[in-house]
Number of protein chains: 2
Amino acid sequence: MTKPDDTLSLDNQVCFALYAANRAVTARYRPLLADLDLTYPQYLVMLVLWEEGRSGAHTRVSDLGRRLRLDSGTLTPLLKRLEERGLLNRQRISQDERVVTLALTDVGWALQKRARSVPQQLLCGVALQPERLQALRQELRAVLTALEGEAGSSD
Amino acid sequence: MTKPDDTLSLDNQVCFALYAANRAVTARYRPLLADLDLTYPQYLVMLVLWEEGRSGAHTRVSDLGRRLRLDSGTLTPLLKRLEERGLLNRQRISQDERVVTLALTDVGWALQKRARSVPQQLLCGVALQPERLQALRQELRAVLTALEGEAGSSD
DNA sequence: CGAAATTAAATTGTGCACAATGTTTAATGA
DNA sequence: TCATTAAACATTGTGCACAATTTAATTTCG
């Protein structure tokens, strides 16, 4: 049982467990989201827009970026694709021409109804208790906070 | 306190916590791996090769795929880049010309020494207890097992 | 044996992520 | 004022992921 270099063992790495679990979960989402014609990141964007749009607020690209931790290099082309599909409109605001706001179209709002069953469908047939998943979610949020709070930023 | 659609709330989704935490962790790795001239997936590949190559075994592309849950569409170009950098050699075996085996070069093995400090460096200055991370790793592995064992496959 | 099915990689095409840079607009200050 | 700086988004380029297809070699079986 000599283990010359356990520190570099793949199975001991939290990072790989995170990487693999994340891909396995998104793979589960894929067929469900394909019915909605959405990729997983597009789905996350729609979640934010559905959530923030409830109050009639105008979500900015920068708001999305803060929420999802994505920059304009990722968001701009993604949002253009959603706009081309008619799910949302992108518009620069007159008060500050640098800012682009996002407004869901009727088609975009209609999609929310169909998306409502996705979370349940996902867990359907998977042997994972909800309370265990919630505990996992909190642990992951703690990791995120620890990693983001570190690098001198005040978030 | 009316919450019209909590099921689609971003913050309630385990999937997003997983997605965000994974990207935050890989972002932590990035500067460390940049010193080794490796991307994160390339690092994972090297972990497997360092681990399996200890016994002098010849790792196949398909072995890597099983281990990392990646297909040849991802691995082939990645491995070509590592080969171009002189870290490994790719060679079809004579017994079965379909199979490509991977062998680390001296340069590839030498890199292992420099990689040894990476796991420690990563946690350096991060307020996360190791035992908590190990518990998280086990939870993530349970999720992975549950998701992979489901779809009628026998792994 | 020889056609059909299977397997292992490679290829092609799309869509993220992210670094680096560019462009336009707004805010700041000597 | 107007040059400087900063902010918000867009663009470019690289490298994954992954679906779908292709190529080539092996296995299976009639």
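In what follows, chains are A, B, ... by sequence order, proteins preceding strands, each numbered from 1.
Going from atom CG of A/L82 over to atom C1' of C/dT14 covers 15 Å, rounded to whole Å. Taking atom CG on A/L68 and atom P on C/dA17, their separation rounds to 10 Å, with Å as the unit. A straight line from CD of B/Q91 to P of C/dA10 spans 13 Å, rounded to a whole angstrom. In this structure, NZ of A/K80 is placed 15 Å from C1' of C/dG15, rounded to the nearest angstrom. In this structure, B/R92 atom CZ and D/dA25 atom C1' are separated by 9 Å, rounded to whole Å. Taking atom CZ on B/R66 and atom P on C/dT7, their separation rounds to 12 Å, with Å as the unit. Taking atom CG on B/D71 and atom P on C/dG13, their separation rounds to 17 Å, with Å as the unit. Protein atom CG of A/L44 is 12 Å distant from nucleotide atom C1' of C/dC16, rounded to whole Å.
Sequence order on DNA chain D of the closest nucleotides to B/P77 and A/T101 puts A/T101 first from the 5' end. Each of B/L75 and A/Q42 was matched to the nucleotide of DNA chain C holding its nearest heavy atom; the match closer to the 5' end belongs to B/L75. Where A/G73 and A/A24 meet DNA chain D, the nucleotide closest to each residue was compared, and A/G73 sits on the side nearer the 5' end.
When the side-chain nitrogen and oxygen atoms of A/R23 are compared with OP1 and OP2 of D/dA17, none of them lie within a distance under 4.0 Å. A sub-4.0 Å separation between OP1 or OP2 of D/dC16 and a side-chain N or O of B/R81 is present. Checking the phosphate oxygens (OP1, OP2) of D/dA17, a side-chain nitrogen or oxygen of A/Y19 falls inside 4.0 Å. Between B/R90 and C/dA10, a side-chain N or O to OP1/OP2 separation shorter than 4.0 Å is present. Phosphate contact (OP1/OP2 of D/dC9, side-chain N/O of A/S62, threshold under 4.0 Å): present.
The environment of CZ in A/R85 is crowded: more than 12 heavy-atom neighbours from other residues, nucleotides or ligands sit within 6.0 Å. Under a cut-off of 6.0 angstrom, the local environment of CD in B/E131 is crowded, with over 12 non-hydrogen atoms contributed by other residues, nucleotides or ligands. Annotation: A/Q91, atom CD; neighbour count of heavy atoms from other residues, nucleotides and ligands within 6.0 Å does not exceed 12.
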Audit row: B/R23, A/L70, side-chain contact (heavy atoms from CB on, under 4.5 Å) steps and yes/no: CA-CA 10 Å; B/R23 290 203 291 105; A/L70 293 171; 3.4 Å; yes

Mind running side-chain hydrogen bond (donor to acceptor under 3.5 Å, both in side chains) on B/Q138 and B/R141 for me, showing each step along the way? CA-CA 5 Å; B/Q138 295 205 1; B/R141 287 189 63 82; over 6 Å; no

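Aromatic ring pairs are classed by plane angle as parallel below 30°, tilted from 30° to 60° and perpendicular above 60°; the pair A/Y29 and A/Y40 is tilted.
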In the 5'-to-3' direction, what one-character label does each nucleotide of nucleotides 21-28 of chain C receive under the scheme B = base within less than 4.0 Å of a protein heavy atom, S = sugar-phosphate only, - = no such atom? ---BBS--

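Residue-level contact check: B/T74 touches the bases, meaning some heavy atom is under 4.0 Å from a base atom.
Of the listed nucleotides (D/dC9, C/dA9, D/dA17), C/dA9 has the atom at the smallest distance from the side chain of B/R60. The side chain of B/V100 lies closest to C/dA9 when the candidates are D/dC16, D/dA17, C/dA9.
Between A/A57 and A/E52, the closest heavy-atom pair is CB-O, 3.6 Å.
One can find a donor-acceptor pair under 3.5 Å joining the base of C/dA10 and the side-chain atoms of B/S72.
The distance from the CG atom of A/L102 to the CG atom of A/L88 is 6.0 Å, given to the nearest 0.5 Å.
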